[in-house]
Every structure is written in C-alpha cells, then in structure tokens.
There are 2 protein chains.
Amino acid sequence: MTARRRPATATSRKPRRAPRPIRREPRDGERKRDTTRRVLLERALALFQNRGVEATTMRDIARAAGLSLGAAYYYFPSKEALVFAFYEENQAAIELTAARADGTVRERLGRVLHAKLDSIRPHRAMLAAIIQRLVDPGDPLGAFSTQTGAVRQRAIAIFARALEGTGLPPETVTVTAHALWLLQLACMLVFVHDNSPDGARTHGLVDDGLDLLVPLLPLLGTPAGQAICERVIGALGRAGMVIAPAP
Amino acid sequence: MTARRRPATATSRKPRRAPRPIRREPRDGERKRDTTRRVLLERALALFQNRGVEATTMRDIARAAGLSLGAAYYYFPSKEALVFAFYEENQAAIELTAARADGTVRERLGRVLHAKLDSIRPHRAMLAAIIQRLVDPGDPLGAFSTQTGAVRQRAIAIFARALEGTGLPPETVTVTAHALWLLQLACMLVFVHDNSPDGARTHGLVDDGLDLLVPLLPLLGTPAGQAICERVIGALGRAGMVIAPAP
DNA sequence: CGCATGTTTTGAACACGTTCAAATACCGCC
DNA sequence: GGCGGTATTTGAACGTGTTCAAAACATGCG
C-alpha cells in the first residue's frame with residue numbers, strides 16, 4: 001500500500017537535508033506564521049472532503065502543504081483541531097445565509113434547518129467520520145462541550161430569533177430554541193448517512209417534522225404548556241444542566 | 001503512561017520461545033476453543049472496566065489471557081468485537097431483571113429505565129469510550145445497525161410490554177416503545193458522564209421525565225393523538241425508516 | 001560581522017490496532 | 001509409533017496519530 005521501508009537501523013543520524021520548496025504565498029499584511037497556518041488548514045480541509053477524514057493521514061496533510069510531519073503538529077496540536085476548525089468555519093458561514101427574519105415561523109425554521117443541511121452536504125463524507133464525536137458529551141470537540149460553547153450559543157440564538165413571531169414568553173422561546181437545536185443535531189445524524197439524491201429523504205423528514213411540530217407551538221403558550229416548560233427547566237436544572245438565554 | 005521500551009534493535013530474529021503456561025481451566029463439556037475464547041473475553045471485559053477501553057491495548061488483553069497478540073485476533077476479529085460482546089451480555093442480563101409485569105405503567109417504565117442505568121453503572125468508564133459509536137448509524141456496532149438489530153428489537157419489546165396496561169392500540173404501542181428506546185439511549189448518554197454519587201442526577205432526570213411524560217400517554221389514545229402517530233409513522237416511512245412491531 | 005535568543009522545521013521514535021506467513025500443537029488414521 | 005491435515009499460536013511488520021530533541025532559520029544587539 002505504501003512504500004516499503006528499510007529495517008529501521010536504530011541509530012542512523014544523517015545530517016539534515018535541504019527542505020523542498022513549496023510556494024505558500026502570503027496575503028495582505030499576514031505574518032509568515034499565519035500564512036503557513038492558513039495554507040495548512042486549506043489543504044487539510046480539501047483532503048478531508050476528497051478522501052474523508054479517516055483516509056487522510058497527517059503525513060498526507062503535511063506533504064500537501066509542503067511541510068514536515070512535525071511542522072504540521074507545530075501549528076495544530078492534533079488532527080481533531082483541524083476538524084474543529086472546519087466546524088467553526090461552517091457555523092460562521094450559515095449564520096450569514098440563514099438569519100433572515102421574513103416569512104412565517106414555519107418558513108423561517110424551515111430555512112434554518114434546510115440551510116444547515118445544504119451547508120454540510122459537501123462535507124457529508126467528512127462529517128460521517130466525526131459526527132460520532134459531536135454527540136459525545138465528554139469529547140472536547142463535541143457539540144456539548146464547553147470548548148464549543150460559543151459556536152453552540154450562536155446556533156441556538158438563530159433558532160430563538162426564528163421564533164420571534166410566535167409571541168411566546170422569552171423563557172419559553174429559550175427552551176424551545178434549545179430543543180430545536182437538538183432536533184437539528186438529530187437531523188444531521190440522519191442526513192450524514194442519507195444516500196438518496198440530494199439528501200431528499202432527510203429534507204422531506206425536516207418538512208414533515210416541522211409540519212407536525214410548528215402547529216403545536218401555540219400550545220406552549222397556554223397555561224398547560226407553560227407548566228410543562230417550567231417542569232422541563234426544573235428537571236434539567238436538578239440534573240445540573242443549565243439552559244442559558246440567548247444573548 | 002506505559003513502560004518505555006528499548007531502542008528496538010531492528011534485526012533480532014530469535015527462534016521461537018516456549019509459550020508461557022497460563023491456566024485456562026475448561027468448564028463442563030466445553031471445547032478447548034470455547035474455553036480460550038471465554039477466558040479471553042472475561043479478561044478483556046475486566047481490563048475494560050478497570051482502565052477503560054481506550055487505555056486497554058490488545059497486547060494487554062492477550063497477555064492477561066496468556067496468549068500472543070495474533071492469537072487474540074484469531075478469536076476476535078477486532079477490539080470492537082470484544083466491546084460488542086459486552087453489549088450483548090449486558091442486554092441479556094437486563095432482560096432477566098427488568099421484565100416483571102406488575103405495578104402501574106409508571107412503575108414498570110421506571111423499573112426498566114432505572115435497571116438499565118444500574119446495569120451499566122459498573123461499566124460507565126467503558127461505555128464512555130464507545131457510546132459515541134453506539135449513536136452512529138453508520139457504525140456496524142452502533143445501536144442502529146442491522147448487526148445489532150436483534151438486541152435492539154429485544155430492548156424495544158421490553159418497553160412494549162411495559163406499556164401493555166395503557167389500553168393503547170398495538171400500533172401506537174409500537175411507536176411509543178421505539179420512542180422510549182430512543183429516550184433510554186439519551187439517558188445513557190447523560191448517565192455515562194454523570195459524576196454525581198451513584199449517578200443520582202440521571203436517575204432523578206429519569207423520574208422527572210417519566211412524571212412528565214406518562215400522564216400524557218393517554219392523549220395518544222385520543223383521535224388527535226392517533227393522528228399524530230399516523231403522521232409520525234408516515235414521515236418515518238417516507239424517510240426510509242421502518243417501525244417494525246415487536247414480535 | 002559574531003553571538004545570543006527566540007521561532008520554525010525536521011524526521012526518528014513511540015505505542016497502538018491490525019495483518020499475515022510461518023511455526024507449532026492437536027487429532028484421527030494407518 | 002509415523003503420517004497428513006486441520007486448528008491454534010506466534011511475533012515481526014505495517015501504517016497510523018503523536019511526541020520530542022535537535023537542527024535550521026530569523027531577528028536583534030554589540
């Protein structure tokens with residue numbers, strides 16, 4: 001599969017060879033360090049998308065960026081860190097496209113969820129390799145960790161904004177936004193392994209789910225619905241989970 | 001973390017050494033093959049629980065069972081396979097303890113969920129390492145895969161039996177049992193990283209959740225509830241997911 | 001320039017999961 | 001016992017992610 005290597009002669013200290021010269025053109029006012037880092041990340045994401053995360057080795061990435069293996073680790077402490085960089089980039093991109101506030105609640109929620117799916121479609125193969133970690137509460141790169149808290153809060157805020165037309169009290173909106181974010185995570189889980197054309201099956205599931213859930217939203221404004229929200233917040237609080245309002 | 005090894009002298013072809021003699025006493029009417037397999041599994045699970053899955057190497061397992069590395073792979077094709085063996089054992093154990101049919105629906109469901117948590121408590125450290133794979137639909141060892149289908153169906157059947165007193169139509173019971181199984185998976189996800197004494201937080205969450213949900217179950221019997229069930233089944237069907245009735 | 005100090009780069013070494021050809025044990029049959 | 005075939009066992013080798021001491025480069029200062 002790879003080149004055969006010689007029996008590793010234990011003590012073969014050669015003098016350093018001259019490094020291969022690969023262009024890494026800097027951008028405006030960019031430090032050399034930042035240029036190298038950016039190029040490394042670009043090549044890594046390209047490889048991830050072409051071959052998948054698992055199949056891309058750190059040696060591949062380093063070679064594609066014209067660096068040695070160790071240099072790659074100098075800029076990113078682990079392969080995961082490169083993956084997380086993608087995660088952040090994706091969330092920033094979606095905030096730009098899906099945050100419009102016109103239309104009905106149903107339309108706005110549909111736009112957010114469909115946009116999310118569309119934005120990750122090119123990276124499905126890649127996400128399939130890491131989504132397992134996303135849903136692991138113990139993983140520092142997981143969607144629930146404190147490290148990714150900022151990204152998560154921004155994502156939840158988008159749902160909260162989409163709920164603005166409902167007239168529900170703020171606390172209820174916050175709870176519902178959290179629930180919708182969880183729903184989105186579940187949709188991603190399904191989408192990543194959906195091999196129907198354009199992921200039509202998952203998109204259809206999103207629409208069916210929203211058609212079912214959105215008409216029920218006003219019920220959360222009734223006394224009974226409020227009581228349920230209170231109890232959910234109470235139960236989660238007792239379990240040590242804090243539902244923070246969106247900023 | 002592990003012992004440092006010497007510089008790996010590259011070309012040290014020694015003749016075969018005599019194998020270390022470690023007792024593997026057979027049980028009644030057991031083939032030698034089965035004895036070795038059983039001992040290997042026992043030692044592996046013990047190591048998993050003491051040190052966690054990640055920290056336990058296949059070399060450790062082989063050594064603990066008095067085998068060489070290759071021999072371990074002769075019996076189990078991968079480390080995962082050893083983990084899956086635990087999964088099956090655990091499910092078989094819980095079926096014995098949690099399948100009693102007396103008490104109210106609330107009591108029966110509580111018994112099933114609490115028993116599940118109790119049964120995995122000794123293995124929390126171990127599950128923390130594999131639960132990520134459990135929730136990955138693409139993983140052959142995941143809870144959703146066809147390979148684990150038999151175990152999953154048995155687990156869902158337990159919930160269906162616990163719902164018998166509700167008087168809901170069979171189809172509704174089936175849907176609800178699937179939903180409860182999903183809920184159980186979520187509880188496991190929480191439980192695995194719950195460091196409160198005896199996992200009290202998660203157990204409390206289970207009770208709070210059931211207190212909230214069980215009183216709503218009769219609503220599923222109303223025409224509106226029936227309609228929702230129909231639509232859920234329809235949506236899942238269009239998405240290519242089949243809800244199979246328990247046997 | 002010479003030298004020191006910090007930044008970047010290098011590749012060998014490490015432990016891991018897994019594979020495999022070969023060696024050894026086992027067992028029925030003569 | 002000896003023979004032949006199967007079952008089991010062995011450990012070196014492979015490719016992987018990651019670490020690390022040292023080398024190479026950059027920059028500031030006399």
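If you're wondering where the values come from, they're calculated on a predicted model, not measured in any experiment. Each chain gets a letter, A, B and so on, in the order the sequences are listed, and its residues count up from 1.
Remark: P of dG17(D) and CD1 of I61(A) are 8 Å apart, rounded to the nearest angstrom. If you measure from atom CD of E54(A) to atom P of dC16(C), you get 19 Å, rounded to the nearest angstrom. For R51(A) and dT16(D), the CZ to P distance is 10 Å, given to the nearest whole Å. In this structure, M58(B) places its CE atom 15 Å from C1' of dT10(D), rounding to the nearest Å. If you measure from atom NZ of K79(B) to atom P of dA15(C), you get 16 Å, rounded to the nearest angstrom. If you measure from atom OH of Y75(A) to atom P of dT19(D), you get 18 Å, rounded to the nearest angstrom. Rounding to whole angstrom units, CZ of residue R33(A) and P of dG6(C) are separated by 16 Å. Atom CG of L67(B) is separated from atom C1' of dT18(C) by 17 Å (rounded to the nearest Å).
Closest to the side chain of L69(A), out of dT9(C), dG11(C), dT9(D), is dG11(C). Between dT18(C), dT10(D), dT9(C), one nucleotide has an atom nearer to the side chain of T36(A) than all others, and that is dT9(C).
When side chains are defined from C-beta on, V190(A) does not count as touching R201(A), because their heavy atoms never get closer than 4.5 Å. Taking 4.5 Å as the limit, some side-chain heavy atom of R121(B) sits within range of a side-chain heavy atom of D198(B). Residues F159(B) and L113(B) form a side-chain contact, since some pair of their non-hydrogen atoms from C-beta on lies under 4.5 Å apart. Using a 4.5 Å cut-off on side-chain heavy atoms (C-beta onward), L82(A) and F48(A) make contact.
Contact between the side-chain N/O atoms of Y73(A) and the OP1/OP2 oxygens of dT10(C) is not found at any separation under 4.0 Å. When the side-chain nitrogen and oxygen atoms of Y74(B) are compared with OP1 and OP2 of dT9(D), none of them lie within a distance under 4.0 Å.
As judged by a 4.0 angstrom heavy-atom cut-off over every strand, F76(A) is placed among residues making no nucleic acid contact.
Side-chain N/O atoms of R37(A) and base N/O atoms of dT8(C) include no donor-acceptor pair closer than 3.5 Å. Remark: the R59(A) side chain and the dG15(D) base include no donor-acceptor N/O pair separated by less than 3.5 Å.
Between P77(A) and T57(A), the residue anchored closer to the 5' end of DNA chain D is T57(A), taking for each the nucleotide with the nearest heavy atom.
Ring planes of H203(B) and F191(B): perpendicular class, angle over 60° (limits at 30 and 60°).
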